Amino acid sequence: MEILYNKEGIPLLMQSTYVFGETSGLPANQANERLKILMPYDLNENSYIDIDGVKVRPWGAGNDFPQIAEREIAGTSVLNTGLKFLRNLTLGQGIYPCRVKGFDDNGNELLDPVTDSRVQKFVASRQVRRYMEKVLRDYLKFGNGAVQFVPSAAGNSFAGVSPVNALFRRYSEMDAYGSCRCIVSGYWPQRPGAGQYSKWEVLSEFDPEMHLEVLKFAGKMKNGFIMPVRDSWSNDDLYGMPIWFPAFVCGWTEIAHLIPHFLKKAYQNQITWKWHVQIPYSYWEKKYPAKDYTPEQRKVEINKYMDQVEMNLCGPDNAEKPLFSMYAVNEANGRIEEEWKIKPLENKYQGSDNLPVSAAANSEILFALMVNPNVMGAGMPGGTYAGNQGGSNIREAFLVNIANAWIDRQNILDPIELYIRINGMPDCELRFRNTILVTLDSGSGTKKTLS
């Protein structure tokens, strides 16, 4: 019997020549076990990893939450696409340096562009685009991002900003002032040894610029430092929690990627529970006569022959394939004898029954991301994709997403604004360019705005 297990060892699909079965529901303790992957219920259960006297706090129960999350996202198509959609939407059409000179009668900002060539060159550089893309990726996937301020050769300014991949960094516990250290190593989640890691100061979230002045006074600025970009919705101030994590705890992400696996398995093996093939005993007497084969030889040959028949008929590539066989007619009574009979079995299970469940799982994951399913082509909550309500609904949902992106945008702009100030560039504000979808009766399909 073939049995398909999930990663917890729970049987999901069982299939033999005679039986097809599946397991439904979620064990009562599964939600609790999933939650513990990221954090324990009792903070007293926290352990520490000592790295050269630095007490590093593990990221998740096994210090491998980023690795687990990365695999989960990669294996769930709607989660992966939804996160990339949020990243692209948050970044908009890039950033724009300006100064706010006032407000109009409706409360909208009146902006003047910043003409300083250093600011314009930096903001439009690939370095900034790379920073925002990768830090926002980690911010959405894992609940926090981080950027390294790279010092210049002279040590009195900074040459650039470089995102630090979440898979390869861990933080120490915060001190009384809210600052900590970051240990970067390609060996995480295993403990890195001597010479296998780098150690940087991490700016305090309370006042990063004041902390920077302290590092400068202490002569530590030439070593560079890390500035974290955290989603503060979680009460875990060190690592945070990704926005999609509740959908994982409830089991929706597992449902979303198990159903395609399940249907693929069903289509590949559909003949084993769809048809009843009846072969007369006399057929084998003529094909493998007893006078030419021993009993053991006949078993071997029949097994080989039936394997070939099954391979010839099974699978989607062999759909609607004809089967040719011979039969004899009894001359005495005119009846057909020795014919193969292939009868369809009554199969009350339909693969399409899983599609509403799949659509519901996709919708629940998108709800966790605060993405209206209509924007991604899905329709009514928990229903099938056929419920799409048209372009107006998509436009309005898109506008709501942009309005909700304000705090995330400010979070990823903070390091850029700090870099501009500490390098002596003119003080300025940063705004995002947006492409807004409008109705065709307005004379165009899109318009540009700043936010």
Side-chain angles (χ1 to χ4, degrees), residues 24-26 30-31 34-35 69-93 133 136-143 231 233-234 241-264 350-409 432 434-440 445-446 449 451:
S24 60
L26 185 69
Q30 282 295 299
R34 290 169 185 271
L35 190 59
E70 177 68 15
R71 290 193 298 269
E72 191 70 23
I73 293 168
T76 312
S77 59
V78 68
L79 177 58
N80 185 70
T81 303
L83 289 171
K84 187 171 184 179
F85 167 80
L86 281 182
R87 188 202 64 179
N88 294 349
L89 177 136
T90 305
L91 294 180
Q93 305 301 308
E133 175 191 359
L136 189 56
R137 173 201 65 192
D138 289 350
Y139 180 89
L140 294 171
K141 279 187 171 183
F142 311 119
D231 185 348
W233 181 248
S234 167
M241 181 179 72
I243 190 173
W244 57 268
F245 191 67
F248 169 76
V249 172
C250 294
W252 287 114
T253 57
E254 186 174 16
I255 291 173
H257 66 74
L258 277 177
I259 286 178
H261 190 183
F262 173 85
L263 292 176
K264 180 180 178 182
Q350 300 294 327
S352 59
D353 293 343
N354 282 307
L355 297 182
V357 179
S358 178
N362 292 343
S363 294
E364 293 292 340
I365 292 170
L366 293 174
F367 293 154
L369 297 177
M370 296 178 66
V371 174
N372 188 319
N374 284 281
V375 177
M376 307 299 293
M380 296 180 296
T384 60
Y385 296 111
N388 194 305
Q389 299 177 27
S392 296
N393 201 29
I394 293 175
R395 281 191 297 272
E396 293 301 318
F398 185 75
L399 291 174
V400 170
N401 282 136
I402 290 178
N404 282 331
W406 182 85
I407 186 63
D408 294 333
R409 288 178 167 184
F432 280 87
N434 297 309
T435 297
I436 304 298
L437 304 175
V438 296
T439 56
L440 294 178
T446 61
T449 66
S451 65

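This structure is a prediction, so every number in the text was calculated from the model and none was measured. Position 1 is the first residue of the sequence; numbering continues from there. Excluded from the calculations below are hydrogen atoms, water molecules and symmetry mates; all remaining heavy atoms, backbone and side chain alike, are included.
Taking CG from Asn88 and CD from Gln93, the interatomic distance works out to 9.5 Å, rounded to the nearest 0.5 Å. Separation of atoms CZ (Phe245) and CD (Glu72) is listed at 9.5 Å; rounding is to 0.5 Å. For the atom pair Arg87 CZ and Leu136 CG, the distance stands at 7.5 Å (nearest 0.5 Å). In this structure, CD in Glu254 is found 11.0 Å from CD1 in Ile259, a value given to the nearest 0.5 Å. Note that the OG1 atom of Thr253 and the CZ atom of Phe248 stand 5.5 Å from one another [nearest 0.5 Å].
Partners of Arg137 according to the salt bridge (Lys or Arg N to Asp or Glu O under 4.0 Å) rule, which considers only residues two or more places apart in sequence or in another chain, do not exist here. Evaluation of the side chain to side chain contact (heavy atoms under 4.5 Å, CB included) rule for Ala397 yields Asn372, Val375 as partners, not counting sequence neighbours. With sequence neighbours left out, the side chain to side chain contact (heavy atoms under 4.5 Å, CB included) criterion links Ala368 to Ala247. Partners of Asp408 by side-chain hydrogen bond (donor to acceptor under 3.5 Å, both in side chains), not counting sequence neighbours, listed by chain and number: Tyr139.
Across all their heavy atoms, Ile255 and Ala361 have their closest contact at CG2-CB, 3.9 Å. The two residues Phe432 and Leu91 have their closest heavy-atom pair at CD2-O, 3.3 Å. Here the shortest heavy-atom pairing between Thr90 and Arg409 reads O-NE, 2.7 Å.
Every pair tested for salt bridge (charged side-chain N to carboxylate O under 4.0 Å, His left out) that includes a residue from residues 365-375 fails, sequence neighbours excluded, so the list is empty.
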Practice prompt. Could you go through the side chain to side chain contact (heavy atoms under 4.5 Å, CB included) check for Phe398 and Leu89 one step at a time?
Written response: CA-CA 9 Å; Phe398 185 75; Leu89 177 136; 3.5 Å; yes

Side-chain donor-acceptor contacts of residues 78-86 below 3.5 Å, not counting sequence neighbours, with atom names and distances?
| from | atom 1 | to | atom 2 | distance (Å) |
| --- | --- | --- | --- | --- |
| Thr81 | OG1 | Ser77 | O | 3.0 |

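Here the side chain of Asp231 pairs no donor or acceptor atom with the backbone of Phe142 at under 3.5 angstrom.
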